[in-house]
J.: 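Have a look at this one.
Note that these values count all heavy atoms, side chains included, but never hydrogens, waters or copies made by symmetry. Naming convention: chains lettered A, B, ... in sequence-line order (proteins, then strands); numbering from 1 in each chain.
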Amino acid sequence: MRTTRTTLAVASAVLCLAAASACSAPSDKNKSSSGSDSSAPIKIAVVDAQSGENSALGAWEYKGAKLAVDEWNAKGGVDGRKIQLHLFDDKGDPTTGTNIASKLASQGYTAMIGTAESGVTVAMEPTLQSARIPNITSGQSPQIIASKDPFVFLNGPTSTTYDATLAKYVIDTKGLKKVAMISNNGSYGKGEHDAFLAELKKRGLSPTTDQVVTTSQIDFSAALTTIKKTNPQVVFIGSEEVEAGLIVKQARSLGITAPFAGAAPQGTPVYISTAGGTHADGTIVSSPYLSNDANAQTKAFATAYKAAYQQTAELHGAKAYDGTSIVLTALKNSHGATGKKLADAIRATRYDGLLGDFSFDDTGVGIFATKIGVIKGGQLTAAAS
Amino acid sequence: MQVFLQTLVGGLSLGAVYALVALGFALVYRTMGLVNFAHADVLMIGAYVASTFTMSEHLPFAVAVIAAIVITGLIGLVIERMLRPLEGKDFDLMLIGTIGFGIVLEALATLIWGATGRAVPSPVSSGPLHFLGASIPTYDLVVVGIAVAAMVALTLFLERTRHGIAMQAVAMDYDAASAAGINVGRSNAIAFAIGAGLAALAGALVGPLLYVSPSMGGTIGVDGFAAAILGGFGSIPGAVIGGVVMGLLSSFSAGHFHGYSDLVTFIVFAALVMIRPTGVFGERTVSRA
């Protein structure tokens with residue numbers, strides 16, 4: 001009896017572990033197709049966080065990419081070949097990302113969409129470059145393009161563009177010269193920090209204080225109190241959605257009333273809900289996609305998105321939709337090319353997308369403008385210039 | 001001075017949460033000699049349950065917290081029941097079992113609530129109190145108050161009730177307690193349930209301060225575990241002191257070392273543990289391995 005019980009316990013422990021690993025396993029079922037067969041489906045991977053703190057980004061990005069692929073497949077795919085989209089969960093973790101990169105290399109993926117995180121993108125670059133797999137990322141850290149990897153492309157602007165537009169509006173247009181900075185030491189946060197600081201220096205200004213926090217920090221009292229003491233007119237924030245929301249929430253509870261200013265994460269529903277609607281109000285956001293109502297194209301995208309997912313479309317879905325559409329257009333133009341030829345075809349693609357007109361340079365950046373929005377009543381709206 | 005005070009306030013409210021987490025670790029270790037690695041994930045489930053009751057069902061915060069404690073207490077009982085056949089036999093497998101449960105709980109949370117996570121609005125709407133130039137968020141006072149009340153209640157339970165004293169007896173001498181007619185299984189079950197309840201309380205309290213997601217147990221769990229070690233694993237007052245020290249340590253190192261704060265926190269932690277390997281209260285009395 002005792003032995004049976006022990007065996008049962010051992011079995012249950014093993015089952016626990018097995019069940020858990022099954023739950024987190026990415027969908028990767030069709031291994032038979034390959035890019036070399038001219039009638040076989042074209043395999044494209046979406047690599048993004050599907051679990052962990054940044055999984056909201058991953059979920060949005062996958063929805064945008066899938067929408068583009070579904071639309072192309074409905075129209076017959078690329079030269080009659082269907083496109084297969086497979087999702088991998090990188091958990092927002094660079095090490096997991098590099099493992100996935102090796103998997104993509106060995107399983108004949110033609111291209112990769114993702115990731116939404118700069119740190120993971122940078123970690124995956126060397127493996128994808130040696131496997132000659134073009135990838136189009138939602139990351140925006142200048143670090144991504146520093147290596148001049150011919151296989152990496154950005155589906156949006158870099159932090160440099162985001163922050164140049166932001167600084168122009170905050171400092172030049174609004175005349176707010178007393179700027180405090182708070183950013184995290186992750187890949188994205190550092191990129192934002194460096195880009196915005198460079199803009200300040202260009203104008204002969206220095207921040208009233210330059211606070212750096214860690215990506216896992218949960219109490220920001222020390223940094224925020226220092227910021228409060230310098231009495232800034234605006235606080236620049238370089239951090240992902242959830243952390244930025246927590247920073248703002250704590251800042252308001254400490255009595256900091258100055259508006260916050262930042263890039264794309266600060267325009268998302270996750271940032272707004274984490275900070276709390278009224279706390280986020282007044283946040284100045286630099287983003288290439290402010291509203292679903294910008295033009296006929298964004299309206300059509302938002303309608304299709306709503307129909308497919310019963311959710312309101314936002315920036316990351318739009319970015320991934322643009323990125324995926326660019327890859328598919330390049331595949332069509334090059335008649336299903338792979339490797340360097342596909343990368344060259346992507347670079348040659350001119351694409352009028354939801355975020356603007358894409359025209360890639362040598363570094364893989366295709367779009368060089370953002371717009372300014374302000375959060376009002378818990379909603380991102382275009383700023384009156 | 002203002003920065004110092006503000007950091008102190010932030011560190012204390014964080015410390016109160018760490019203390020609750022450390023208490024749960026300590027209680028289970030004290031009675032069973034087992035480190036429950038599922039503890040931080042039980043905390044996460046507690047945070048989700050409490051947030052679900054307040055956000056979806058619009059129940060008062062206190063009711064949601066109690067519901068979270070009851071539900072996770074039951075989870076604690078299930079974990080203990082599953083591990084019981086191994087009690088006194090295979091200690092390593094029990095440890096792995098708790099890790100397995102932790103992973104299962106995280107996967108379950110993802111299945112039930114999705115991977116994205118949620119922001120929980122503060123249950124207290126009044127503004128901060130001002131004291132010597134520092135702003136004290138009202139909710140932080142609630143967190144510290146509830147944490148202190150829970151610690152007092154736990155101490156009274158362990159020192160003044162029959163079940164509590166029996167649990168201490170089991171901790172001191174498993175065989176003697178067993179021979180004296182104390183139901184060791186029940187004692188362990190109570191320890192697990194209370195430990196899980198404490199985790200749920202910490203999770204429910206920390207929800208409105210942070211962001212509730214399936215992976216939230218990670219950071220809080222590590223810091224809470226470190227707090228338990230710092231205080232002296234298994235010691236109840238040690239857990240409280242360890243929690244407060246860890247809270248203050250991480251807040252002050254964040255203030256002084258910015259991006260390197262985690263590094264500094266754990267270097268200081270390692271140094272403290274090297275000087276005093278058994279922690280502040282040094283009660284490594286339980287060893288069933």
J.: Show the nearest heavy-atom pair for residues A:Ala222 and B:Ser251, with the distance to one decimal.
T.: CB-O, 4.2 Å
J.: Measure across B:Pro137 and A:Ser253 and return the closest heavy-atom pair with its distance rounded to 0.1 Å.
T.: CG-OG, 3.5 Å
J.: Between A:Leu254, A:Thr215, A:Asn185, A:Val213, which residue shows the highest count of heavy-atom pairs closer than 4.5 Å to chain B?
T.: A:Leu254
J.: Which atom names give the shortest non-hydrogen contact between B:Tyr211 and A:Leu246, and what distance separates them?
T.: N-CD2, 4.3 Å
J.: Can you tell which part of B:Ser215 gets under 4.5 Å to a heavy atom of chain A, answering side chain, backbone, both or neither?
T.: side chain
J.: So how far is it from B:Ser122 OG to A:His279 NE2, rounded to the nearest 0.5 Å?
T.: 8.5 Å
J.: Please state whether the side chain, the backbone, both or neither of B:Leu210 comes within less than 4.5 Å of a heavy atom of chain A.
T.: both
J.: Report, in residue-number order, which members of residues 308-320 of chain A are under 4.5 Å from chain B by heavy-atom distance.
T.: none
J.: Can you tell me which portion of B:Leu209 sits under 4.5 Å from chain A's heavy atoms? Options are side chain, backbone, both or neither.
T.: backbone
J.: Determine yes or no for a side-chain-to-main-chain donor-acceptor pair under 3.5 angstrom, with A:Lys249 supplying the side chain and B:Pro208 the backbone.
T.: yes
J.: Test your reading of the model: is there a side-chain donor-acceptor pair from A:Thr225 to the backbone of B:Val3, 3.5 Å cut-off?
T.: no
J.: Should we count NZ of A:Lys376 as having more than 12 external heavy atoms under 6.0 Å?
T.: no
J.: With only heavy atoms counted, which part of A:Gln50 is less than 4.5 Å from chain B, the side chain, the backbone, both or neither?
T.: backbone
J.: Can you tell me which portion of B:Val120 sits under 4.5 Å from chain A's heavy atoms? Options are side chain, backbone, both or neither.
T.: backbone
J.: Check B:Gln6 against A:Ser221 and note the closest heavy-atom contact, atom names and distance.
T.: O-CB, 3.5 Å
J.: What residues of residues 252-263 of chain B make heavy-atom contacts with chain A at a cutoff under 4.5 angstrom?
T.: B:Ala254, B:Gly255, B:His258, B:Gly259, B:Ser261, B:Asp262
J.: Any chance you could measure B:Leu14, atom CG, to A:Gln217, atom CD, to the nearest 0.5 Å?
T.: 9.5 Å
J.: Please check if atom NZ in A:Lys190 has more than 12 non-hydrogen atoms from other residues, nucleotides or ligands closer than 6.0 Å.
T.: no
